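Please read the structure below before turning to the comments.
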Amino acid sequence: MRKKVSIIGAGNVGTSTVLYLAEKGVADLVLVDVVEGLPAGKALDVMESGPMRRYEVDVTGSNDFAATAGSDVVVITAGLARKPGMSRTDLLAANSKIVSEVSHKVAHYSPNAALIIVTNPLDIMCYVALESSGLALKKVIGMAGVLDSTRFRHFIADELNVAMEDTAALVLGGHGDTMVPLERYTSVGGVPITELLPRETIDRLVDRTRNGGAEIVKLLKTGSAFYAPSASIAEMVEAILKDSQRILPVAAYLRGEYGIWDVFLGVPARIGANGVEEVLELNLTEEELKGLHRSAEEVRAAVEEWKKMVSSAPDGGPVRDRAKLQFRRPS
Ligand code: TXD
């Protein structure tokens, strides 16, 4: 039987993800959005390129979540972008409501799916999706590290004038200012970049990676990056569908790895049919570990803010089992 992947949110990221996945030909695709006609129109447009691009998969669009039933993987890109004047808390409130509702519905129709979360603020939305979907811990995975790493790889290749595919990079931590690019694990053709580039250049590239999202926002003026994010999502989806056991930096739920509990954070993980098959624990330097913990604390504070919002909401929102919020915490 052919695999099925649903993408929620037919905006820039959702639609480009559909296009990359159709090109890979790994699954039938369903695009869902709340805007009437939008997902059907985008899906039809993609299918009409099929005769030339030689698609053998079906791409359909719907406003009804029932169309996603029986998906192997569901990607959540639904949400708002932060608008001028909107505080971080406003964005958290708006997107957590959307992600909570969407993941609840998605899990209802696809109880065995792996869920890839894309909506920002990423690490917090992963937690919201986990609690609202009731899916297993390893089935909920956030996309950020693959994107941050591919950006770092591009900058390195550009600087050294080498093939991009020969670069390897690892970026850990939260998606944002607290990300932790690991230069010790970053190499070109197997050679560590510390042997190829002077300190100041590495620092400059790390800084550019950290601000990679903002750099694109500034240039685009409306909206944020979507090609590289979508390509990153497609890599993750393919690794799950093919049970590849690839090592990818993803936002995974931590249960004591790196001394961190009960938050989603960017770490290298083995990705296969079950989602996060294993979190890899690297030997980090004290400095790197400190960076990761700083990142974790920032994410935790925002998750606490969300939990307060949920407990003060009259109906608690669609979070399935509020008791679980305490249940997973270490004693
Ligand atoms: O690294 C990363 N994780 C990211 C995250 C990289 C790029 C973009 N990142 C975030 O993804 C971004 O900050 C947003 O939160 C999402 C989606 O970005 P995109 O650029 O695709 O936003 P759009 O074009 O505004 O699309 C969002 C769509 C839009 O069509 C809405 O109608 C739809 O989401 N939407 C919904 N669909 C289904 N169900 C519900 N409830 C819903 N609400 C909004």
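Sequential numbering from 1 along the given sequence is applied to the chain's residues. Read the numbers this way: they start at 1 and go in the same order the structure lists the ligands and their atoms. Bear in mind the structure is a predicted one, so any value in this text is a computation, not a measurement.
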Protein N/O near ligand 1 N/O, under 3.5 Å, which pairs?
unit_1: ligand 1; atom_1: 1 (O); unit_2: H175; atom_2: NE2; d: 3.0
unit_1: ligand 1; atom_1: 3 (N); unit_2: V118; atom_2: O; d: 3.0
unit_1: ligand 1; atom_1: 3 (N); unit_2: M143; atom_2: O; d: 2.9
unit_1: ligand 1; atom_1: 13 (O); unit_2: N120; atom_2: ND2; d: 3.2
unit_1: ligand 1; atom_1: 15 (O); unit_2: N120; atom_2: N; d: 3.3
unit_1: ligand 1; atom_1: 21 (O); unit_2: N12; atom_2: N; d: 3.2
unit_1: ligand 1; atom_1: 21 (O); unit_2: V13; atom_2: N; d: 2.8
unit_1: ligand 1; atom_1: 24 (O); unit_2: N12; atom_2: N; d: 2.9
unit_1: ligand 1; atom_1: 30 (O); unit_2: D33; atom_2: OD2; d: 2.7
unit_1: ligand 1; atom_1: 32 (O); unit_2: D33; atom_2: OD1; d: 2.7
unit_1: ligand 1; atom_1: 32 (O); unit_2: D33; atom_2: OD2; d: 3.3
unit_1: ligand 1; atom_1: 34 (O); unit_2: G79; atom_2: N; d: 3.4

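Applying the side chain to side chain contact (heavy atoms under 4.5 Å, CB included) test between S133 and each of S110, S103, S100 identifies S103 as the sole match. Test V118, L115, V140 against I76 for side chain to side chain contact (heavy atoms under 4.5 Å, CB included) and you get one pass: L115.
Side-chain contact of S6 with S71: a donor-acceptor pair under 3.5 Å is present, judged by distance alone. In the model, E305 has a side-chain atom that pairs as donor or acceptor with a side-chain atom of T89 under 3.5 Å.
Residue R54 qualifies as open at atom CZ: its count of foreign heavy atoms under 6.0 Å is 12 or below.
The pair K307-E304 counts as a salt bridge, with a side-chain nitrogen and a carboxylate oxygen less than 4.0 angstrom apart.
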